[in-house]
Amino acid sequence: DAGVTQSPTHLIKTRGQHVTLRCSPISGHKSVSWYQQVLGQGPQFIFQYYEKEERGRGNFPDRFSARQFPNYSSELNVNALLLGDSALYLCASRYRTEAFFGQGTRLTVV
Amino acid sequence: QKEVEQDPGPLSVPEGAIVSLNCTYSNSAFQYFMWYRQYSRKGPELLMYTYSSGNKEDGRFTAQVDKSSKYISLFIRDSQPSDSATYLCAMSVISNFGNEKLTFGTGTRLTIIP
């Protein structure tokens, strides 16, 4: 079975632009969460979706939004990019209480 | 004060040594405890998962949880150069509404010297 897949792998954007990151969970997993990992730090929780509904939101500004589709895939959108948004964005797929992460999307804002 | 504290290291040990990695936490509501391994520029890989105090063993890895002291540990026996990575502890509170936020430590960078 395929694991959690994220696209794109790498991305370079300019300050003020918008970005969309995509995630496909493990087959059968209905819960998807997004995390931001800045270099040298642990991942920080951004959003969790279950059955297309937002179930949790971390301490991130409204520039960050997400949604989950009927096939349980998910998108993370970030508007008005700042230099500080440069990070590894991780998607996690969950079955019961175990969370499995994708390889991440490395976003660089210049 | 952070909810989860983890010594960032770096930690270097010779091949074959026993490695001990530790985290402390302040939120007594945490119910589930995990250890992830993260290789450079990759996503975290789930190593161990437990929800009760005591020890859980899986091959060369042992996870230990002490809820009374709010302290968790990961032990790696017979360490190998392939164990060189960053190790992240993570904890969660599962609510009735399915909010399954993971709270991570900062990660400990481990190097096993051949």
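To find a chain, count down the sequence lines: A is the first, B the second, and so on, and within it residues start at 1.
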More than 12 heavy atoms of other residues, nucleotides or ligands under 6.0 Å from [atom1] of [X]: yes or no?
X: N71(A); atom1: CG; result: yes
X: I18(B); atom1: CD1; result: no
X: R109(B); atom1: CZ; result: no
X: L83(A); atom1: CG; result: yes
X: F60(A); atom1: CZ; result: yes

Item to check | Interatomic distance, K101(B) atom NZ to R57(A) atom CZ [nearest 0.5 angstrom] | outcome: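 Rounded to the nearest 0.5 Å, the NZ-CZ separation comes to 13.0 Å.
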Checklist entry - Given side chains that start at C-beta, do those of Q38(B) and L88(A) come closer than 4.5 Å, heavy atoms only? => result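 The answer is yes, as the side chains (C-beta and beyond) meet within the 4.5 Å cut-off.
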Item to check | Side-chain heavy atoms of F45(A) within contact of L102(B), under 4.5 Å | outcome: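 The answer is no; the side chains never approach within 4.5 Å.
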Is there a path from [X] to [Y] through hydrophobic residues (I, L, V, M, F, W, Y) whose side chains come within less than 4.5 Å of each other?
X: V32(A); Y: Y89(A); value: yes
X: M48(B); Y: V65(B); value: yes
X: V4(A); Y: W34(A); value: no
X: V78(A); Y: L21(A); value: yes

Item to check | Engaged part of F47(A) at the chain B interface, taking heavy atoms whose separation is under 4.5 Å | outcome: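 Interface part for F47(A): neither.
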Checklist entry - Top residue by heavy-atom pair count (under 4.5 Å) with chain A, among E45(B), M34(B), R41(B)? => result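 Result: the option with the highest number of such pairs is R41(B).
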Checklist entry - Is there any residue in residues 6-17 of chain A with a non-hydrogen atom under 4.5 Å from a non-hydrogen atom of chain B, and which ones are they? => result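 Listed by number: none.
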Item to check | Best-contacting candidate, Q41(A), R94(A), Q37(A), E54(A), against chain B by heavy atom pairs under 4.5 angstrom | outcome: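 Among the listed options, the one with the most contacts to chain B is R94(A).
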Checklist entry - Between Q103(A), E53(A), Q44(A), which shows the greatest number of heavy-atom pairs under 4.5 Å with chain B? => result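 Result: the option with the highest number of such pairs is Q103(A).
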Checklist entry - For Y36(B), is it the side chain, the backbone, both, or neither that has a heavy atom closer than 4.5 Å to a heavy atom of chain A? => result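 For Y36(B), side-chain heavy atoms alone lie under 4.5 Å from chain A.
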Checklist entry - So, for L90(A) and G43(B), which heavy atoms are closest and what is the spacing to 0.1 Å? => result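 Minimum heavy-atom contact is CD2-CA, 3.9 Å.
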